[in-house]
Structure formats: structure tokens, C-alpha cells
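These notes are about the structure you will find just below.
Every chain is numbered from 1, with letters handed out A, B, ... down the list of sequences. Keep in mind it's a predicted model, so treat the numbers as computed, not measured.
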Amino acid sequence: MNRWGEKAVYALSVISCMMLFGSVATLLCYLLIKGLPALNLGLIFGSTPVGDALLLKRQVFDGIFPAMAGTLALILLAITIAVPLGLLAGIYMAEYSGRFTRNVFGFLFDLLSGIPSIVVGLFGFSAILFLHHHVSEALVPSLLVSALSLAFLVLPYIVKTTQMALETVPRQTRVTGLALGATKLQNIVFCLIPESFSTILGGIILAVGRCAEDTAVIMLTGAVASAGLPNSLFKGFEALPFYIYYISSQYADQAELNQGFGACIVLLLICATLFILAAIIQRKVKHTLLYRH
Amino acid sequence: MSALVCCLLVLLILGFMIVTGLPLFGQSQAMDLLTGAWSPRNNLYGIAPMILGTLWISLLSVTISFPMSLGCAAYISVLGGHKKATVMKGCVQMMTGIPTIIYGFVGVFLLVPLIRETAGRGSGMCILSASLVLAVLIAPTMILFFIQSFDRVPRSWLDAVDALGGSRVQKLVYVVLPACVKGIVTGTVLSFGRALGDTLVALMIAGNAVQTPNSLLDSARTLTSHIALVSAADFESMEFKSIFLCGAVLYLITAVVILGARLIEKRGNHE
């Protein structure tokens, strides 16, 4: 390869870096310029006094407070469902499964994590419709259905993180407990899990991030444009990403649009905070790739 | 052991999903639905336009994203200096955390008017805009995957190039890239799967018109946005049933993509 060829390869790679970083930077700058003016307490609480809103004395009508509360409730529910299941399944995959089951289950979990989120949403939606028609009329798309579907969406991710964290514990640490006479279960609970705790926790936080940002699932399973604060598991709810989607297609005037930009920044801040938190906890982010959105 | 129960539970749900999708394929009209046109007035509910729209958008976005990602990954792991590369890698990882809805939102208000004015016709909501946004969306995942496979090249090979007086570019072109062909193919295939499964970007930007797309500036509807749009329809209608077919098709394509990626990886291990 001659000198010019080398220079061309180098230049191409620099150009592609600049293209990618440039476009993402443009995106973020545009968002900041448009959204920052709208970013104040009024965006979140509307015209309701802050104290009253936080103490749930009064409803917030023209702010994104209900949407934020909905997202929070959704995350809490989904994570409470997904974490125990995911942890146990991950422990099973790493410690108890044989070679064959590990291969087969590994493939199935891969498949699960590759399913488009809208298909997961569709599944939750059709399941609840089935129940609605055949069990009870009271069952409609709701907070609980969304949380279950979301839990299902992030489950393979938690399983994979747990499995990887356990499998990468050094062999010496692994056998020490056993050599001292611990049973297999004791070894897992008192030795392996504490050892890999930070990685697992980081994975869980990233899963929280995915719950916070996912729109396709909740769109089908219970998110609505206005529901107020979430007060029942069996009713529709508001969520931040769905609010943004709704604004983008239905905004009536410039003020509403500005609110949408503000909401985008809030969501971005939440996700970035979660991500940085996970990175700090894991020290260096062992990034298991998520193959879908 | 309760862990086993959990595993089985997960698999049970997976099985249930497959079962709910299957009956559609058993019917004799399944092929008509797959290849037919979409025209509810004439009682035609074929999803062929959606399949085509999905393929156009995801193929185009991978085509745009691939060279960009390869260049970035090459710069970060081989060509660039260590310090710069670490910072850039951190940035790329952060990018995977940006919510999809934000790409969609900014795409609608920034890119769509731009495309509309440049093209001089149409609404600007077209395959091209959606693919561009999607390309940026899938790039970080692709880059991280490429970097991962670049880093698996044995240290001694790289040292050998240095010892022979090779430059960084030579290292990249003659050693790293040939050694990573499989990793690159796997990463691209998986990103294709991701582009395929994305809902929000296509739903917000591609325009959602049901038609067989003829040019990049045509509006198109993907399988995923079809599900999102039609799910509000009547439960018993054929329109509603068609979205299960869409789901099943997406499911199948995803399975093929992941199986393919796994096979490629496995073959790499044997050699």
C-alpha cells in the first residue's frame, strides 16, 4: 500500500468519526437550544404549587409531573418483578445448568432479547384482551400489564448480566469456599454473589434505564395521554416517553411543543444519570450489547 | 431449585407467544396475506407493502451505518491515540443510552423539514429520513461490537506488525480486518436485526403510508409501526388479525438473524 492509500484510509476513518459524533452532537445541541427555555418548575408542575403537587393535595394538569410519576411507578413495578426472576435464572444458568441446557437456554434467551419490543407489547396486549373477553370485563390494558410486559422485556438482559458476572469470578475465589467445606448453595450466596455484586447491580441499573425509555411496549399495553397520577394497578397511566410521542404527533401550539422538548431533556437527564451511575458502580462498564430497542 | 422454575416460566411465555402466532400460518390464506396488497376497502389485508417497507428502511440504514461504524471502530481501537480513543469509546457507550424516542422527536422537527426542503417535494417523512436517523441509532451498538472483536486479535500479532515497522494503517488493513471478518459480519447482522425491530423512529419519521415504495423519498410503513397503528382497531376485524401476522413475521426474521449470528460465531470458534 502506498503513502496515499494509507492517508486515504486514515482520513476516511476520521471522517466517519466526525460524521457520527457530529450528528449526535447536532441532535443534542438542537434539543438543548429548543428545550432549555422550557426547562423550569412550570414544565413539571404546571400552575399547581410545588408543595401541593408533591403532597398529592392537588392534581397537576398542565405539567409533566403525572407522567414522571407514572414512569417511576412503572419502573418500580417492572424491576420488582424482573429482578428476582432474572437473578435466579441467571444463577441457574451459570452454576447449575449442564452443557446442553446452557446452550439451548442461552439461545432462547438470546432470541428473547432480540424480539422487537413492539412484539412483546403486542403479546401483552393480546393476552390482556384474551383475559378481558374470557375472564373478566374489568381487565383492561393497565399499569400492571405494562409492568409485566416491560419486566419480560428486560428479563433476558438481567439473566445475561448475572450469568456473565458469576462466570467471570476467578477460579481461585470460586473453589476457596468449596475447599473450606461450604455447600454449593452457601458458596453461591456468601461468596460468588457478593464478589460479582457490582456487575449485577450495574446491569440492573441499565435495565432500569431501558424501562424508563421504552415506548413501544407501553404504547400497546396501557399508556394513555392523560390519566393523572397513577393510583391503581388496573388503570391506564401516563409515562414520559409516551407523553413525548403524543406531543410529537398531536401538539396544538408552540407552547405544547416546547413542553415536549423540555420533557425530552428531562428523559435524557434521567437516562444519562442512570447510565453514569451504572458505569460508576461497574467501574468500567462491561458492556454487554443490547441488540434491540 | 427455584431458578429452574424461573427459567421454565420464561420459556413458557416464549412458547405461548409462538403458539399465538402460529394459527395464522396454518390457514390457507396465509400466503395471500404475506404477499398480497393492503386495501381494506376491497377486503385485501396483505402485508407485503409493510414487509418491503421494513426491508428498505433497515437495509438502507445498515448500509449507511456500516462504513461509518467501521471507520469509528477502526479509529478507536487501532488508528487513534490511546487517550482520545478511551474518551471516544466512553462517548459511544453513552450514546447507546440515549432513548429512541429522543432520536425520533429530534428527527421529526430537525431532519424532516431539512429533507423536505432539499428534496423539494413530499412531506419529508420518507424512507431516507427514517434510515438516516436509524443509522445513527444503530451505529453505537455496531461500533461496540466491532471494537469487541478488534480487541480479540492476539496481542502478539499486533506486536509483530510493530516489530516489522508497519504503520497503524497497515496494521488495520493487513492484520486486524482480515482477522475480524467474522466478528464484523456478526455485528452487522445483529444490527440489521435491531434496525428491523425498531418501532418509534419508523413510526414517527417514515410517514406510514401503505404503499409499495418506489424511491427513497417515498413514504413507507414498517411492520413494527403497522402493529402500533392498527392495534387500536376492532378486536374481531381482519385488520387486527393482520398485526399478529406482522408480529409472527418479525419474530421469524429475528430468530433467523440471531441463529445466523450464532452460527457464524460458532464456525469462527472451530477454526
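- Both the backbone and the side chain of Met68(B) come within less than 4.5 Å of a heavy atom in chain A.
- Between Ile118(A) and Ala228(B), the closest heavy-atom pair is CD1-CB, 3.8 Å.
- Taking the six-membered ring where the residue is Trp, the centroids of Phe109(B) and Tyr30(A) are separated by 6.0 Å or more.
- For Tyr245(A), there are no ring-ring contact (aromatic ring centres under 6.0 Å, His included) partners, not counting sequence neighbours.
- Neither the backbone nor the side chain of Leu223(B) has a heavy atom closer than 4.5 Å to any heavy atom of chain A.
- Residue contact with chain A, scored on non-hydrogen atoms closer than 4.5 Å, involves the side chain of Met95(B) exclusively.
- With hydrogens and angles disregarded, a donor-acceptor distance shorter than 3.5 Å links the side chain of Glu213(A) to the backbone of Thr100(B).
- The parts of Leu110(B) that come within reach of chain A are both its backbone and its side chain, each placing non-hydrogen atoms under 4.5 angstrom from that chain.
- Interface remark: Phe242(A) contributes no atoms to any contact with chain B (heavy atom separation under 4.5 Å).
- Residues Ile115(A) and Thr254(B) come closest through the heavy atom pair N-CG2, 3.9 Å.
- Across all non-hydrogen atoms, the minimal contact from Cys17(A) to Cys72(B) is CA-SG, 3.3 Å.
- Proximity to chain A is limited to the side chain of Leu203(B), based on heavy atoms less than 4.5 angstrom apart.
- Two residues are said to be in side-chain contact when any heavy atoms from C-beta on lie closer than 4.5 Å; Gln93(B) and Phe275(A) meet this criterion.
- If you measure heavy-atom distances from Ser249(A) to chain B, you find no contacts under 4.5 Å at all.
- Proximity to chain B (any heavy atom under 4.5 Å) is restricted, for Tyr251(A), to the side chain, taken from C-beta onward.
- Interface remark: Leu259(B) contributes backbone and side-chain atoms alike to the contact with chain A (heavy atom separation under 4.5 Å).
- Interface residues of residues 262-269 of chain A toward chain B, defined by a heavy-atom distance below 4.5 Å and sorted by number: Cys264(A), Leu267(A), Leu268(A).
- In this structure, Ala139(B) and Leu20(A) approach most closely via the heavy-atom pair CB-CD1, 3.6 Å.
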